[in-house]
Protein chains: 2
Amino acid sequence: MEIGQGLTLAERIRDKFESLTRAERQLANAMLENYPVSGLGSITAVAEASGVSSPTVARMARKLGFGGFPELQAELRAELEATISNPIVKHDRWAENAPDTHILNRFADAVMDNMRQTLRHISPEAFNAVVTLLSDRDRDVYVVGGRITRSLADYFFTHMQVIRNGMTLIAPNSNTWPHYVLNMQAGDILVAFDIRRYEHEISRLAEMAKSKGVTLVLFTDQWGSPAAKHATYSLHSRIEAPSAWDSSVVTLFIVEAVMAAVQTATWEETKDRMKTLEGLFDRTKMFRKFT
Amino acid sequence: MEIGQGLTLAERIRDKFESLTRAERQLANAMLENYPVSGLGSITAVAEASGVSSPTVARMARKLGFGGFPELQAELRAELEATISNPIVKHDRWAENAPDTHILNRFADAVMDNMRQTLRHISPEAFNAVVTLLSDRDRDVYVVGGRITRSLADYFFTHMQVIRNGMTLIAPNSNTWPHYVLNMQAGDILVAFDIRRYEHEISRLAEMAKSKGVTLVLFTDQWGSPAAKHATYSLHSRIEAPSAWDSSVVTLFIVEAVMAAVQTATWEETKDRMKTLEGLFDRTKMFRKFT
DNA sequence: ACGGTTCTGAAAAAATATCTTCAGAATAAA
DNA sequence: TTTATTCTGAAGATATTTTTTCAGAACCGT
């Protein structure tokens, strides 16, 4: 594939990506999205499919070192020919430009597998029940995590705080935990994160909370934290990874899915909070999600 | 591939082959020869490559049931797309016991897609370079995140602290950031997280750090934070989700993969630190990972 | 060989595609 | 904020591609 500087178009795009402007990046992403077919139409078609104007496409072609768009397209066809005639079309490789044994591919395998396993085992009823609980604004919600899971708790808290009021993030130092329990009321919710290297303190907190009539929602791993016995609902994720540690990727996925569901369920009430916040943060209008 | 009469172009050509004229057969053979790439150029190019005139090509397109040559070409592209696109995409339902439209399945679709896109775009060279940098114990590493990404920064920091010394987590309050810059030395590394709703402060910190000879490693989204222009390496992840927010799942994946790779690269030196820590945490031996 | 038919490609016409220009929008700098 | 700079897409100008036309070539049956 010795065309141009001996780089594929995809590589050229990646190389120059940093020097591209906003509209050009949008275009670059669209072209890589369904690479290389997405680049084979007319310049107008490519522009429209990416939501940019045709001059932008022409300009980027130049920026990438081609004489113009038709030249870029010729390169694309040449690559395609090389690819197609090559019978070894490996689709079980995630990062196509890295070897199978590269950690990126091994890790991707593991994570994808974790996702599948987790989703196969999850109970939609428990998931829905958790969403319903968290959508009830009359219940205060306390969030706690352990040494590693603290980041997940933090992430959950930050987002949920946007959705609703009555959120409390419990500080890491377990000495202060009884103070939080003092404030808890029957009907409140304790969302706890505990994956292996389970932390005894969390189990104790759960027990205390339960004695005050608090409902425990637990995010844990496939084996289940000891706190699970106090939990009304446990959401288990697979956490295995080719590493000395466990992977939190799938747990984060479940967390995000729960948040998305709560957001949907409470949209009417949440909308205004979100809009206000949007306004506060949105200095540039570049990437606004709401209009 | 329900275009035309539901036949591929190749099938149509073979069907109608008998009714084609001499020049048309010559063309048909040429097109099938290197199917489908040979049909993707301009009508003139196709004609010349087959040794016929362009009207012949146009006429054959009509004979095969298309409105004209461009229509034939569109069909060709559609076929190509169907061939190239990843066959793993249609694992139609992730959580088998929930309906397709359940947020769990929709979210899973989005995340899986983000994973695939991200891995397709990632440059293994950049990834490896980042790993090498972070494996160098002579460089101090500073970690910073924004409002949302703070949790990711925190997660990264917590784990990296186990792997190596010289890790510093930069506090959220940006007023204190210049103090950290004071301590930075040429050769040190700043790992920054910045996804959309990009935070200007981070870009500024990056600039300050750069002026002291610090290397910037940036975790960002597919569009690229403005801080990217100061970055030596940027790792982009797809963050789209069926929700009012973006998904951090894939970013976390990249983070974990980097950590796993660093851990492997420095295993000889890291082993002892890990064992010591294991001992400190592992009161129960139930779930120990090392023996 | 002849007349009639079909086929073919050069050239012109029509339709598109591509590129250029430029004013307004967006962004960065002061 | 204001100003300078860069970026962007609409519109027009240019170039290319595609189609049409049509005269001559090739074929066919007689």
Side-chain angles (χ1 to χ4, degrees), chain A residues 16-31 39-77 282-288 291, chain B residues 16-31 39-77 194 196-204 206-208 211 223-230:
Chain A
K16 289 255 166 71
F17 192 82
E18 299 308 333
S19 71
L20 298 181
T21 65
R22 186 201 35 88
E24 285 165 354
R25 288 180 186 203
Q26 194 175 324
L27 167 64
N29 280 312
M31 290 191 60
L40 289 172
S42 76
I43 193 172
T44 323
V46 172
E48 275 182 9
S50 323
V52 302
S53 67
S54 59
T56 301
V57 182
R59 272 190 293 262
M60 191 172 84
R62 282 237 149 79
K63 253 193 190 171
L64 295 178
F66 298 98
F69 178 73
E71 230 171 76
L72 176 151
Q73 215 172 39
E75 156 76 21
L76 220 43
R77 278 196 292 269
D282 204 6
R283 304 209 186 114
T284 92
K285 288 177 190 156
M286 253 179 84
F287 288 117
R288 94 160 86 192
T291 29
Chain B
K16 291 252 167 75
F17 194 83
E18 296 309 326
S19 71
L20 297 181
T21 66
R22 183 196 47 78
E24 285 166 353
R25 290 181 185 202
Q26 190 176 325
L27 168 62
N29 281 320
M31 288 191 61
L40 290 172
S42 75
I43 193 172
T44 324
V46 173
E48 277 182 8
S50 323
V52 302
S53 68
S54 59
T56 301
V57 182
R59 272 190 294 261
M60 190 173 83
R62 282 235 148 80
K63 257 195 188 170
L64 296 177
F66 298 98
F69 178 72
E71 230 170 75
L72 177 151
Q73 212 172 41
E75 156 75 20
L76 221 43
R77 277 197 292 270
D194 194 26
R196 79 170 158 192
R197 283 323 130 76
Y198 308 116
E199 294 175 37
H200 198 224
E201 301 303 320
I202 291 195
S203 201
R204 288 260 285 286
E207 199 173 356
M208 285 193 281
S211 74
W223 300 285
S225 139
K229 61 169 166 290
H230 305 299

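Below, read A as the first sequence line, B as the second, and so on, with proteins coming before strands; counting in each chain starts at 1.
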**Request:** Ignoring backbone atoms, establish whether Arg62(A) has a side-chain N or O less than 4.0 Å from OP1 or OP2 of dT20(C).
**Result:** yes
**Prompt:** If only atom types and distance count, is the side chain of Glu71(A) paired as donor or acceptor with the main-chain N or O of Gly67(A) below 3.5 Å?
**Reply:** yes
**Request:** Grab the OH-P distance between Tyr198(B) and dT27(C) for me, whole Å please.
**Result:** 12 Å
**Candidates dA10(C), dT18(D), dG9(D) - which lies nearest the side chain of Ser53(A)** = dG9(D)
**Message:** Between Trp223(B) and Arg196(B), is there a side-chain heavy-atom distance shorter than 4.5 Å?
**Reply:** yes
**Asked** How long is the line joining NZ of Lys63(A) and P of dC7(D), in whole Å?
**Response** 6 Å
**Request:** Check the pair Glu24(B), Lys63(B) against salt bridge (charged side-chain N to carboxylate O under 4.0 Å, His left out), reporting the backbone distance first and the verdict last.
**Result:** CA-CA 10 Å; Glu24(B) 285 166 353; Lys63(B) 257 195 188 170; 2.7 Å; yes
**Prompt:** Do Pro226(B) and His200(B) come close enough that some side-chain heavy atom pair is under 4.5 Å?
**Reply:** no
**Request:** Mind checking Ser54(B) for me? I need base, sugar-phosphate or nothing, with any heavy atom below 4.0 Å counting as a touch.
**Result:** base
**Prompt:** Is there side-chain contact between Leu27(B) and Val46(B), with at least one heavy-atom pair below 4.5 Å?
**Reply:** yes
**Complete:** Of Ala61(A) and Glu24(B), the one whose nearest nucleotide on DNA chain C sits closer to the 5' end is Glu24(B)
**Prompt:** At under 4.0 Å, does any side-chain N or O of Thr56(B) touch on OP1 or OP2 of dG9(C)?
**Reply:** yes
**Complete:** Rounded to whole Å, the CD-P distance (Glu71(A) to dA15(D)) equals 17 Å
**Message:** Nearest whole Å is fine: how far is dT27(C) P from Arg22(A) CZ?
**Reply:** 7 Å
**Complete:** Axis-to-axis angle across the helix from dA1(C)-dT30(D) to dA30(C)-dT1(D), five pairs each end, nearest 10 degrees, ~ 40°
**Message:** Can you tell me which nucleotide in dG9(C), dC19(C), dT17(D) comes closest to the side chain of Arg59(B)?
**Reply:** dG9(C)
**Request:** Kindly indicate whether the side chain of Glu207(B), heavy atoms from C-beta on, has any atom under 4.5 Å from the side chain of Ile202(B).
**Result:** no
**Item:** Sub-4.5 Å side-chain heavy-atom contact between Lys16(B) and Met60(B)
**Value:** no
**Message:** Rounded at 0.5 Å granularity, tell me how far CD in Glu48(B) sits from OG in Ser53(B).
**Reply:** 11.0 Å
**Asked** Rounded to whole angstrom units, what separation is found between the CE atom of Met60(B) and the P atom of dT8(C)?
**Response** 12 Å
**Message:** Rounded to whole Å, how long is the line connecting atom CD of Gln26(B) with atom P of dA26(D)?
**Reply:** 14 Å
**Request:** To the nearest Å, give me how far apart CD (Gln73(A)) and C1' (dT18(C)) are.
**Result:** 11 Å
**Request:** Choose from dT18(D), dT18(C), dA11(D) the nucleotide whose nearest atom is closest to any side-chain atom of Pro70(B).
**Result:** dT18(D)
**Asked** In terms of side-chain heavy atoms of Pro55(B), which of dA10(D), dG9(C), dT18(C) is nearest?
**Response** dG9(C)
**Request:** Can you figure out which of dT18(D), dC7(C), dG9(C) approaches the side chain of Thr21(B) most closely?
**Result:** dC7(C)
**Message:** Rounding to an integer number of Å, can you tell me how far Leu20(B) CG sits from dT6(C) P?
**Reply:** 17 Å
**Message:** Can you tell me which nucleotide in dG9(D), dT17(D), dC19(C) comes closest to the side chain of Ala23(A)?
**Reply:** dG9(D)
